[in-house]
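Just below is one structure, and these are the notes that go with it.
Below, each value reflects all heavy atoms present in this structure, side chains not excepted, and no hydrogens, waters or symmetry copies. Sequence lines set the chain letters: A, B, ... in the order given, protein chains first and strands last, and positions in each chain run from 1. Values in this document were obtained by computation on a predicted structure and should not be read as measured data.
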There are 2 protein chains.
Amino acid sequence: MKKYEIIEDHFKKKIQSGDFPVDSLLPSEYDICARFSATRTTVRKALDELLREGYIKKEHGRGSRVIERIKTLGLPSVKGFSNAMKQEGDAVFTQEPIIQKWSDQQIFALSDKEGEGDCVYFQRLRLIDQKPVLVENNWYSGSMLELVRSEEFLDGSFFKTLSQRFHIDIIGVEQEIMAKSASAEIASMLTIQEGDPVLFIAVRYQTSLEDFHIYGSWFCNTEDFPIVSNTFS
Amino acid sequence: MKKYEIIEDHFKKKIQSGDFPVDSLLPSEYDICARFSATRTTVRKALDELLREGYIKKEHGRGSRVIERIKTLGLPSVKGFSNAMKQEGDAVFTQEPIIQKWSDQQIFALSDKEGEGDCVYFQRLRLIDQKPVLVENNWYSGSMLELVRSEEFLDGSFFKTLSQRFHIDIIGVEQEIMAKSASAEIASMLTIQEGDPVLFIAVRYQTSLEDFHIYGSWFCNTEDFPIVSNTFS
DNA sequence: AAGTGGTCTAGACCACGCG
DNA sequence: GCGTGGTCTAGACCACTTT
């Protein structure tokens with residue numbers, strides 16, 4: 001294993017476990033050099049990777065600061081989420097996590113290993129200003145990861161739970177985006193009319209655990225809260 | 001100016017101008033070192049930037065190869081585009097570039113400098129397998145860039161023309177995505193029924209020319225060709 | 001075997017933030 | 001003034017590709 005990967009993994013684990021919480025500073029590059037008997041070139045390569053993967057930001061003259069990583073999880077953030085989602089009551093479980101057979105609702109094909117057993121399924125309704133804006137269906141392989149009960153979600157976040165409790169990280173996202181007419185069921189959940197246009201997004205998250213994916217299908221009412229995406233180089 | 005930026009800009013310009021066409025190899029890192037009196041650390045930093053911005057890929061043992069850069073321009077590529085768009089007749093001008101007043105069709109606010117004069121507007125209909133899938137409205141500031149006639153588009157690409165002829169590069173994208181019901185006009189262009197759900201995307205491209213943006217609004221029939229997006233770290 | 005990129009060492013000086 | 005990250009030099013050895 002390469003030395004910069006050793007350093008990178010060391011701090012990644014420390015950040016995930018909370019030893020370096022959000023907004024804290026990592027040791028200085030010189031300290032890390034001494035701790036790992038490495039030169040700054042190597043240490044900076046490791047930190048550059050953490051930077052690229054969205055774990056830290058660099059502050060010239062101050063240090064490397066741990067940041068909230070959610071924002072790097074692909075494109076779809078709903079406009080106003082970051083502000084409006086701060087208070088509680090942002091998401092409601094309309095179906096607690098249960099074990100069931102795989103349905104044919106996933107757009108993406110399952111890997112062989114995933115298809116062997118049953119899946120865990122849960123559904124949430126996300127609200128902004130008490131207004132329902134997103135119906136979120138989620139599936140993952142029950143044979144590869146135990147059922148995580150909704151009460152166990154750290155800060156209400158499934159991904160945070162995955163990362164901190166199981167050390168499984170999201171390393172990629174694939175998405176298919178379509179406009180659809182709302183079904184009666186979706187319409188009633190989003191309090192719109194049947195047949196109104198909704199945004200449908202099929203998601204597959206690739207994780208650091210081989211052959212383990214999170215599948216999602218989202219129905220969004222984009223009337224008041226369009227999906228936004230920023231990409232800057 | 002930093003030395004790695006000088007090297008980076010040098011090869012960026014050479015790539016844009018076609019001196020290093022797609023699939024060609026840049027000089028070896030050692031050659032670049034000699035040419036710029038720099039060390040490999042510095043040269044590699046410059047090449048890393050070109051890599052990150054999607055100009056080149058690295059091939060261990062062979063060299064740094066120039067790649068097609070379109071794929072890095074944000075999220076929305078239409079499924080099947082890369083295959084189906086190879087043949088001609090992929091896009092039809094439904095409105096040749098003309099100079100007109102700014103309309104209120106842009107979602108994003110104009111910068112002061114852009115709002116001073118008129119704008120250049122053009123509309124295209126994009127086809128896949130002879131089937132219309134995307135109505136594409138485009139605006140840019142006529143006071144900051146001359147009107148480019150459709151015949152002057154290099155390989156039919158406005159961005160390629162911007163880059164190679166005017167050395168203006170896309171450095172960021174903002175998008176708002178909504179589901180809408182098709183208007184009569186849009187429906188007839190996409191050969192669907194009025195009221196059918198269509199995907200609406202408002203786009204603002206940020207460019208390397210300060211305060212100069214490209215604005216777009218797209219109406220997509222996603223029935224047969226959903227929008228896809230992949231993000232991997 | 002020769003040439004390429006990938007990793008790493010051991011230093012140096014500069015620019016920024018803060019007490 | 002001191003500690004931090006940002007840039008840069010001069011060199012070494014390794015892993016991969018091609019001839």
Side-chain angles (χ1 to χ4, degrees), chain A residues 1-15 19-69 72 171 232-233, chain B residues 1-15 19-69 72 171 232-233:
Chain A
M1 200 174 193
K2 293 156 204 162
K3 192 176 261 192
Y4 76 83
E5 288 180 336
I6 294 172
I7 300 173
E8 182 190 341
D9 287 356
H10 175 263
F11 285 102
K12 207 181 275 187
K13 283 204 173 62
K14 290 275 192 186
I15 291 171
D19 287 351
F20 290 107
V22 169
D23 280 338
S24 64
L25 290 172
L26 297 188
S28 80
E29 297 181 350
Y30 292 98
D31 286 352
I32 300 175
C33 289
R35 166 79 175 71
F36 287 89
S37 307
T39 55
R40 269 188 79 205
T41 313
T42 307
V43 168
R44 283 179 61 81
K45 167 81 171 166
L47 294 179
D48 276 352
E49 291 298 314
L50 293 177
L51 182 70
R52 208 176 50 82
E53 294 176 34
Y55 286 93
I56 61 169
K57 65 177 173 184
K58 300 265 211 144
E59 298 179 9
H60 195 172
R62 271 198 294 264
S64 303
R65 194 177 296 280
V66 177
I67 58 176
E68 193 72 53
R69 194 163 169 267
T72 66
I171 59 174
F232 288 98
S233 55
Chain B
M1 198 173 193
K2 294 153 203 164
K3 192 176 259 191
Y4 78 82
E5 288 180 336
I6 294 171
I7 300 173
E8 182 190 341
D9 287 356
H10 175 263
F11 285 103
K12 207 181 276 186
K13 284 206 173 62
K14 290 276 193 184
I15 291 170
D19 287 352
F20 291 106
V22 169
D23 280 337
S24 64
L25 290 172
L26 297 189
S28 80
E29 298 182 349
Y30 292 97
D31 286 351
I32 299 174
C33 289
R35 167 79 174 70
F36 287 89
S37 308
T39 55
R40 271 189 77 206
T41 313
T42 306
V43 168
R44 283 179 61 79
K45 167 79 173 167
L47 293 180
D48 277 352
E49 292 297 315
L50 293 177
L51 182 70
R52 208 176 50 81
E53 293 176 35
Y55 287 93
I56 61 170
K57 65 176 175 185
K58 299 262 210 152
E59 298 178 9
H60 194 171
R62 272 197 292 265
S64 304
R65 195 177 295 279
V66 177
I67 58 177
E68 194 72 53
R69 195 165 168 265
T72 66
I171 59 174
F232 288 97
S233 55

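Taking 4.5 Å as the limit, some side-chain heavy atom of B:Leu47 sits within range of a side-chain heavy atom of B:Leu26. Between A:His60 and A:Lys58, every side-chain heavy-atom pair lies at or beyond the 4.5 Å cut-off.
Phosphate contact (OP1/OP2 of D:dT9, side-chain N/O of B:Lys3, threshold under 4.0 Å): present. Residue A:Tyr30 has no polar side-chain atom (N or O) positioned under 4.0 Å from OP1 or OP2 of D:dG3. Between B:Ser28 and the phosphate of C:dT4, there is a side-chain N or O to OP1/OP2 separation shorter than 4.0 Å. In this structure, A:Lys58 does not reach the D:dG5 phosphate: none of its side-chain N or O atoms is under 4.0 Å from OP1 or OP2. The shortest distance between the side-chain N/O atoms of B:Arg62 and the OP1/OP2 oxygens of D:dT18 is below 4.0 Å. Here A:Arg44 does not reach the OP1 or OP2 of D:dG5: none of its side-chain N or O atoms lies under 4.0 Å away.
Look at NE2 on A:His60: it is 9 Å from P on D:dG5, rounded to the nearest Å. For the pair A:Lys2 NZ and C:dG6 P, the computed distance is 10 Å after rounding to whole Å. In this entry the distance linking CZ of A:Arg65 with P of D:dG5 reads 11 Å, nearest Å. Rounded to an integer number of Å, the gap from CD1 of A:Ile32 to C1' of D:dG5 is 11 Å. The nearest whole Å value for the distance from the CG atom in B:Leu51 to the C1' atom in C:dG6 is 13 Å. For the pair B:Glu8 CD and D:dG6 C1', the interatomic distance rounds to 15 Å; values are reported in whole Å. Spacing between atom CG of B:Asp48 and atom P of C:dG5 amounts to 12 Å, rounded to whole angstrom units. Between A:Tyr4 atom OH and C:dT7 atom P there is a gap of 4 Å when expressed in whole angstrom units.
Annotation: of the two residues near DNA chain C, A:Ser37 and A:Gly61, the 5′-most nearest-nucleotide partner is A:Ser37. Between B:Met1 and A:Asp31, the one whose closest nucleotide on DNA chain D sits nearer the 5' end is A:Asp31. Take the nearest nucleotide of DNA chain C for B:Thr41 and for B:Pro27: the residue whose nucleotide is more 5' is B:Pro27.
Checking C:dC8, C:dG5, D:dT9 against every side-chain atom of A:Thr39, the shortest atom distance belongs to C:dC8. For B:Arg40, taking side-chain heavy atoms from C-beta onward, the closest of the listed nucleotides C:dC8, C:dC13, C:dG5 is C:dG5. The A:Thr42 side chain lies nearest to C:dT9 when the options are C:dT9, D:dT7, C:dC16.
Each of A:Phe36, A:Tyr4, A:Phe20 was evaluated against A:His10; a single residue qualifies, A:Phe36, per the ring pair (Phe, Tyr, Trp, His ring centres under 6.0 Å) test.
At distances below 3.5 Å, at least one donor-acceptor pair connects side-chain atoms of B:Arg65 with backbone N or O atoms of B:Asp23. Side chain of B:Lys45 to main chain of B:Lys3: no donor-acceptor pair is present (N/O by atom type, distance under 3.5 Å, no hydrogens or angles).
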